[in-house]
Enquirer: 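Have a look at the structure that comes next, please.
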Amino acid sequence: MKILIQKFGGTSVSTHERRALVVNKILKGIEEGFCPVVVVSAMGRKGQPYATDTLLSLISDEFKKKNSLGVDLLMGCGEIISTVVVSDELAKNNLQAVPLTGGQAGIITDDSYNNAAILRVESEKLLNILKEGKIPVVAGFQGVSEKGFITTIGRGGSDTTAALLGVALQAEEVQIYTDVDGIMTADPRIVSDASLIEEISYNEVFQFADQGAKVIHPRAVEIAMKGNIPLAIKNTMSDCKGTIISNKAIQSSNNVIDGITSMDKRVQVTVECSKNTDNDNYWVLFDELANKSISLDLINVFTKQKIFTIDEKDLDNLKIIMKNLGLQYSYVEECTKISLIGAGMRGIPGVMAKILKILARERIDVLQTADSHTTIWCLVESKNAERAINSLHRDFKLGGCEG
Ligand code: ASP
Ligand code: MG
């Protein structure tokens, strides 16, 4: 039995017309010889009657604080409604579906309501339904505690449900259907000819931070990576091939760079360690920053200087810490961290040289860099970021026209 997990997000199941497209995708799966297991999110977005946020707006903040068991029971309703509505749609197409809560599908969690941890997946019931030639339609984002209460597994958790079932059932693939074609080589609002990335490794998706997290929940990627199950991001509204996330992508990639993303509102901080005493105790500063929950990025520790970046929202707190510790420092506001991502860059010489050459040609100052096996980061002033990203995107031939 070749099992395929097909997860449909809130917008995909929000209207009758869209649910007809969902049925087409399931039919296509069956035509290709797969036994589909469908996972659904709550219908629509905030404002629409059964969306998770709409359900949450029905109860007081007071209740939310004190009755997390009740909150999970309420939130779980959105997905449960979708399972029955989608099953109805399948029945109209002569497909026998079995709507299931997460618990009925065998997802067992601990009892940390609102953000429960998965204990195990008992896949027997799903396998029996599949053997009968029926389609299980599972409520995403929820499980059941061992005491028998409905739990939810964290916002955006339906992707996680899909990945969990994919691993438990040893599916051929987990398809995540959404309202975009997949992961792009750059943000299309910044780069007009940004193109779709057809294949990418699990690790690279984490590097896509914002963009990656928007199309798929990082926890789902982590689970699929551990279980070595390929994930496919696809558009319910189109026939586009989408983006395949797997380990194979690393072997087959010819590109050193697969995509570029960026994060703005960064502030670069330089601490001068003039006296020996400063230098002996410099860790006190990092301790203080941690105590105030200030997260650091691009950290370079030199004997005479410590350089790092922080989010703009933490600047006021940083100033207070520096004053209290009596440290000399300077900072550059309005910076953007550009990430060039590509598992294929590992062990390839000259990638950094090429990046720096492109930026120098554009007369864009690079304020700081860092690198890992899959990513090179460059910090630039935000006023230059759009130009930098476009030049890098063009020169690394990531655009749609150049293929
Ligand atoms: N409906 C849930 C949420 O809005 C889960 C999901 O959509 O993945 O967070
Ligand atoms: Mg989602």
Side-chain angles (χ1 to χ4, degrees), residues 5-15 18-19 21-22 25 37-59 64 68 70-86 99-105 107 109 112-118 121 137-144 150-166 174-184 205-206 208-224 231-237 242-243 245:
I5 313 292
Q6 297 184 298
K7 181 259 168 177
F8 298 94
T11 45
S12 302
V13 293
S14 61
T15 63
R18 291 201 176 154
R19 290 193 291 274
L21 300 174
V22 165
K25 300 294 180 193
V37 173
V38 176
V39 175
V40 285
S41 286
M43 293 193 272
R45 299 226 164 102
K46 191 172 184 172
Q48 292 175 277
Y50 310 114
T52 310
D53 287 308
T54 312
L55 297 175
L56 281 173
S57 72
L58 298 173
I59 50 173
K64 281 181 202 153
S68 51
V71 174
D72 273 9
L73 187 58
L74 176 67
M75 281 203 287
C77 294
E79 271 71 15
I80 295 175
I81 292 170
S82 296
T83 64
V84 183
V85 174
V86 169
L100 300 161
T101 65
Q104 289 169 338
I107 297 174
T109 71
S112 13
Y113 298 104
N114 305 178
N115 202 10
I118 312 298
V121 180
V137 182
V138 181
F141 170 55
Q142 60 176 262
V144 68
I150 288 194
T151 54
T152 64
I153 59 174
R155 295 303 306 270
S158 295
D159 294 350
T160 309
T161 303
L164 280 169
L165 295 183
V174 175
Q175 299 181 337
I176 305 285
Y177 282 92
T178 177
D179 49 7
V180 296
D181 283 342
I183 300 175
M184 307 290 287
V205 180
F206 299 125
F208 271 89
D210 272 6
Q211 204 215 131
K214 245 180 253 159
V215 294
I216 184 165
H217 198 296
R219 200 162 153 210
V221 183
E222 211 180 297
I223 291 166
L231 288 165
I233 313 283
K234 285 172 175 284
N235 192 340
T236 315
M237 261 79 73
T243 302
I245 309 168

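Treat the numbers as computed from the prediction; the structure is a model and nothing was measured. Remember, it's 1-based here, ligands and their atoms both numbered in the order they're listed.
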Enquirer: Should D53 and R45 count as an ion pair when the cut-off is N to O under 4.0 Å?
Expert: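 Salt bridge: no.
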
Enquirer: State which residue, out of V37, T101, I5, T83, fulfils the side-chain contact (heavy atoms from CB on, under 4.5 Å) condition with V138.
Expert: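 Testing each of V37, T101, I5, T83 against V138, the sole residue satisfying side-chain contact (heavy atoms from CB on, under 4.5 Å) is V37.
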
Enquirer: So, D72 and T151: side-chain donor and acceptor under 3.5 Å apart, yes or no?
Expert: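 The answer is no; no qualifying pair exists.
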
Enquirer: How would you list, by chain and number, the residues with a heavy atom under 4.0 angstrom from ligand 1?
Expert: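 Protein residues near ligand 1 are S41, T52, E79, F141, R155, G156, G157, S158.
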
Enquirer: Are the side chain of T236 and the backbone N or O of V22 linked by a donor-acceptor pair below 3.5 Å?
Expert: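 No: the side chain of T236 does not pair with the backbone of V22.
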
Enquirer: State, yes or no, whether a side-chain contact exists between V174 and K7 at a heavy-atom distance under 4.5 Å.
Expert: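 The answer is no, as the side chains (C-beta and beyond) never meet within the 4.5 Å cut-off.
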
Enquirer: I'd like to check K234 versus Q6 (side-chain heavy atoms, cut-off strictly below 4.5 Å). Are they in contact?
Expert: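 Result no, sub-4.5 Å side-chain heavy-atom pair not found.
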
